[in-house]
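Proteins get letters first, then strands, A, B, ... in listed order; numbering begins at 1 in each. All values below were derived from every heavy atom in this structure, side-chain atoms included, with hydrogens, water molecules and symmetry-related copies excluded.
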Amino acid sequence: MTAGFDPRYVKRDFASIGTRPLRPDGIDKVTGRARYGADFNMAGQLVGRVLRSPHAHARIRSIDTSKAEQLAGVKAVITAADLPDLTDGDAAMYDILDNCMARGKALYDGHAVAAVAAVDARTAKQALKLIAVEYEILPHVTDVDEAMMASAPVINDGVFTDGVEPKPAKPSNVAKRSQFGHGDVDAGFGQAEVIVERSFRTEQTHQGYIEPHACVASVSADGMADLWVCTQGHFVYRQHCAQLLGLEASKLRVTSSEIGGGFGGKTHVWAEPVALALSRKAGRPVKLVMTRDEVFRASGPTSATSIDVRIGARRDGTITAAEATLRYSGGAYSGAWAELGAMTAFACYGLENVRTVGFDVLVNRPKCAAYRAPSAPMAAFAVESVVDELAGRIGMNAVDFRIRNAAREGTRSSYGPVYGPIGIGPTLEAVKMHPQMQAPLKKNQGRGMACGFWFNFGGQTCSDLNIGMDGSVSLAVGTVDVGGSRASLSLVAAEELGIDYSQVRAVVADTSSLGYNDMTDGSRGTFSSSMATISAARNAIRIMRERAAQMWDIPVDEVGWEMGHAVALGEKNGNLGRLSLKEIAAASGKTGGPIAGHSELVADGAGVSFATHICDVEVDPETGATRVLRYAVVQDAGKAVHPTYVEGQYQGGAAQGIGWALNEEYIYGRDGRLQNAGFLDYRIPVCSDLPMIDTQILEIPNPNHPYGVRGVGETSIVPPLAAIANAVSNAVGVRMTHIPMSPPRILAALEAERAG
Amino acid sequence: MAGLAVSTTINGDSVEYLCQPDETLLDVLRDRLGLTGAKEGCGTGDCGACSIILDGRLVCSCLVLGAEAEGRRVETIEGMADGDVLHPLQQKFIEHAALQCGICTPGFLIAAKDLLARNPDPTEEEIRFGLAGNLCRCTGYDKIVRAVQDAASVMRAA
Ligand code: FES
Ligand code: FES
């Protein structure tokens, strides 16, 4: 933390925060001028292409690249041999390396096995066809439950279940077991008068950003390297790429392009080390852009899950015990996905006796990446479904039952920490009063609601704030702008300095221009960069007060700062008046040189956030098709810096959740190949699938941020799966336990019910 | 392979280029002419990010060959504003925050312009179905629909 910076919340009246100015990158984005990953080119640039395994699990006996190398126009061909292992025992980095380019075994359909750089796309494509790979096909497993069976093929011989005592003697696909909770769960169930127990499944989905991964890499003979890339974290990409390629981090400059969506999917390197390796070998810049097919087969997806939940309550509506077993697929590599599910599952409630157990499971599918509040939506789906059913069995209204059991300030959360001021209760009270709760429902229509939680992250952050000679302000931040954060951070700088929003221009600085910043993930972008911006602005104000003191020839402690002006304090200085930021900036050449404020800090205390959603649906009993009629999001933002973009986060998360709940899923054939690697067959919601999405922003200040800000980006995807499942279950009178609730699945559930 | 010589009109200017017979118009615009406003989200006609108007018709430029533009009129996002003056749709997209990441925005603007040219006073449902060929993963479409409604009323009043 920057010395002397106090991050605690102080109540105040805001001038800029909470207003809705136009975003600074708006014109570039509506005119086509904004440059995304694939919109950048370098002189002499080659086109890169990746050859991918068509098999779910196969030993690579040999790769013959000689024919491809001989093709005119081909400048480099690489395999894993061109990416030697420099990970030095770091298992997580080794997995990243192996995922970038298969080493000995292809672990999923789409796993990269070789890559080429050629003068144009046509030549590169032709070259891929000339690479001969000899595979020995191995048995595979793509289903999370099957992968846990003793009979399943073991994907990685080096994986022995972590978190169990004693350490298992045999390797298995269960990478890790994690457990959370407190109290005496068995005794709690003993006190229960009603117990509901169910098993659930959710299928694998993709973040579905519209911009495929794209980068341009350039490695020079002297070891200087540049990478232009669409990423959520260019500083992290630099570290990973530098380590994997044996480059010096400071010689690799990574510039983040405008980013066409990420949602967690652009937090991991895939193609970037490959592009750098191609460039190094060819001695020329290489542009590597994934096709949509590659995006689906080799990047991103979230876990598929299988979850059992059991909750018991007394007839007065008090939950006495709750437990869940959660199994998450992580793709062909270890992850901590089940752990996050196990932590978040019961986070909305104040429970005396609670236990969750998570299993991270390897399957022959692409390496999972974070997807907006990773792992929480599936856990919430299972828990909130059982909570709804339990309320019904007791004869209590679903909202009242949740209010009765909701966590509050001082509650010990199911994953450990004790909560400060939180918003779950207020979101539930707001939902109770929401007009949608009164809207009449017709035949085949149903209403559902559900709650969701996300931790929110903080982390390492720095910002530079430079005051120009003309009094305009440039703000350089290191967190990527994924959804309007430059506007929000400009507002923060304006607020703190006491100037107008229009005087500030915020840019995302490259890795050579600013200190290290963590990824823009965990909803940390605005939370942590606003904190760094406030700190940087306060440092600049301190300097400006010193300069004003010098100009007035009085001690600095007699100079205050108000509304963009230095003010001379005390009666004896009464005749001095005020000096504007502009006047101080204009004189800076004579008072000590340029004025800037810097800040490097670890943003702690990202306040947890809660949301409650309401969904009304209509289900066609003939076709099984579900239509979302009305949808409302109520969520705590702590303090909404730019409310329009907060609403946008709420709506976007809800829409992704609707797609996940009703349609989206990875479909694998018996051969272990992905059958729907395109937007035609992997159908994300389109405009005509959705209604308007109502939003309500609650503001329960985060005590650990000067303005009370909490992260807002992720929580909105947590409740939809459950809210929609509850709505559909209420509409059709059958409990839905398998996501997505696609028409065939709904018809099958209705059929099973009829058959008894 | 020998290139094909193509003469066409793009955003009102006559343009000539050489392209391969199998090269898409999207690739020609982006890679040969530097018009990177149209985006490739899928390359298979499923996302609408590459939308352009060809002889007054909305098309996915990833499904059109560069050679097919011969003698025709192409309109892209780069020609939508009149110099400094934004088209009402562009203005309203910014005002309503109808974009988050913005990668889908050029395609939506072109599709919305085409929609309003055919139907100046669309209902919400007509807007939703009219723009159903364009994918947006960030916004949930709410603010996009509102921006189009607002732009339509501004354009009708003009
Ligand atoms: S790129 Fe043309 S429709 Fe997606
Ligand atoms: S704004 Fe990101 S895809 Fe539409």
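Residue A:Gln649 touches chain B through both its backbone and its side chain, counting heavy-atom pairs closer than 4.5 Å. Heavy atoms of B:Leu109 lying under 4.5 Å from chain A belong exclusively to its side chain. Only the side chain of A:Phe263 comes within contact range of chain B, with at least one heavy atom under 4.5 Å from a heavy atom of that chain. A:Ile259 touches chain B through its backbone: at least one of N, CA, C or O sits under 4.5 Å from a heavy atom, while the side chain does not. For a residue to count as touching a neighbouring chain, one of its non-hydrogen atoms must lie under 4.5 Å from one of that chain's; by this rule B:Glu23 does not touch chain A. Heavy-atom distances place no part of A:Glu258 under 4.5 Å from chain B, backbone and side chain included. Using a 4.5 Å cut-off between heavy atoms, A:Ala654 makes no contact with chain B at all. Only the backbone of A:Pro691 comes within contact range of chain B, judged by heavy atoms closer than 4.5 Å. Heavy atoms of B:His87 lying under 4.5 Å from chain A are absent altogether. Contacts of B:Thr139 with chain A are made by backbone atoms alone, with heavy-atom separations under 4.5 Å and no side-chain atom involved. Neither the backbone nor the side chain of A:Ile658 has a heavy atom closer than 4.5 Å to any heavy atom of chain B. Interface remark: A:Tyr650 contributes no atoms to any contact with chain B (heavy atom separation under 4.5 Å).
Between chain A and the residues B:Ile77, B:Thr44, B:Ile127, B:Leu86, the largest count of heavy-atom pairs under 4.5 Å involves B:Ile77. Of the listed residues (A:Arg35, A:Arg20, A:Arg33, A:Glu647), the greatest number of heavy-atom pairs within a distance under 4.5 Å of chain B belongs to A:Glu647. Among A:Ala34, A:Pro685, A:Pro21, A:Ala487, the residue with the largest count of heavy-atom pairs under 4.5 Å with chain B is A:Pro685. When the candidates A:Gly653, A:Gly262, A:Gly678, A:Pro212 are compared by the number of heavy-atom contacts under 4.5 Å with chain B, A:Pro212 comes out ahead. Per-residue counts of heavy-atom pairs under 4.5 Å with chain B were compared for A:Gly26, A:Gly208, A:Gly261; the largest is that of A:Gly208.
No donor-acceptor pair under 3.5 Å is formed between the side chain of B:Glu78 and the backbone N or O of A:Gly32. Put simply, the side chain of B:Arg137 never gets that close to the backbone of A:Gln656: no donor and acceptor are under 3.5 Å apart. Formation of a donor-acceptor pair under 3.5 Å by the A:Tyr36 side chain with backbone atoms of B:Lys39 is not found in this model. In this structure, the side chain of B:Gln90 engages the main chain of A:Val30 through a donor-acceptor pair within 3.5 Å. The main-chain N or O of A:Val686 is never found under 3.5 Å from a side-chain atom of B:Arg128 such that the two would form a donor-acceptor pair. Between the B:Asp142 side chain and the A:Ile693 main chain, a donor and an acceptor come within less than 3.5 Å of each other. At distances below 3.5 Å, at least one donor-acceptor pair connects side-chain atoms of A:Arg292 with backbone N or O atoms of B:Gly41.
Other residues, nucleotides and ligands contribute more than 12 heavy atoms inside 6.0 Å of the CZ atom of B:Arg156.
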Check against side chain to side chain contact (heavy atoms under 4.5 Å, CB included), A:Ile684 and B:Leu135: CA-CA 8 Å; A:Ile684 73 172; B:Leu135 299 180; 3.9 Å; yes
Side chain to side chain contact (heavy atoms under 4.5 Å, CB included) between A:Thr31 and B:Met80, intermediate numbers included: CA-CA 7 Å; A:Thr31 54; B:Met80 193 158 171; over 6 Å; no
Side chain to side chain contact (heavy atoms under 4.5 Å, CB included) between A:Tyr209 and B:Cys101, intermediate numbers included: CA-CA 9 Å; A:Tyr209 31 81; B:Cys101 80; over 6 Å; no
Side chain to side chain contact (heavy atoms under 4.5 Å, CB included) between B:Leu99 and A:Arg23, intermediate numbers included: CA-CA 10 Å; B:Leu99 51 142; A:Arg23 64 196 278 168; 4.0 Å; yes
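Within the model, atoms CG of A:Asp481 and CD of B:Gln100 stand 10.0 Å from one another, a figure rounded to the nearest 0.5 Å. Atom CG of A:Asp39 sits about 6.5 Å away from atom CD1 of B:Ile103, to the nearest 0.5 Å. Interatomic distance, CD1 of A:Ile27 versus CZ of B:Phe93, reported as 15.0 Å (0.5 Å rounding). Interatomic distance, SG of A:Cys687 versus OH of B:Tyr141, reported as 6.5 Å (0.5 Å rounding). For the atom pair SG of B:Cys138 and CD1 of A:Ile210, the computed distance is 7.5 Å after rounding to the nearest 0.5 Å. Taking CG from A:Leu690 and SG from B:Cys136, the interatomic distance works out to 10.5 Å, rounded to the nearest 0.5 Å.
Side-chain contact between B:Lys143 and A:Thr644 is present, with at least one heavy-atom pair separated by less than 4.5 Å.
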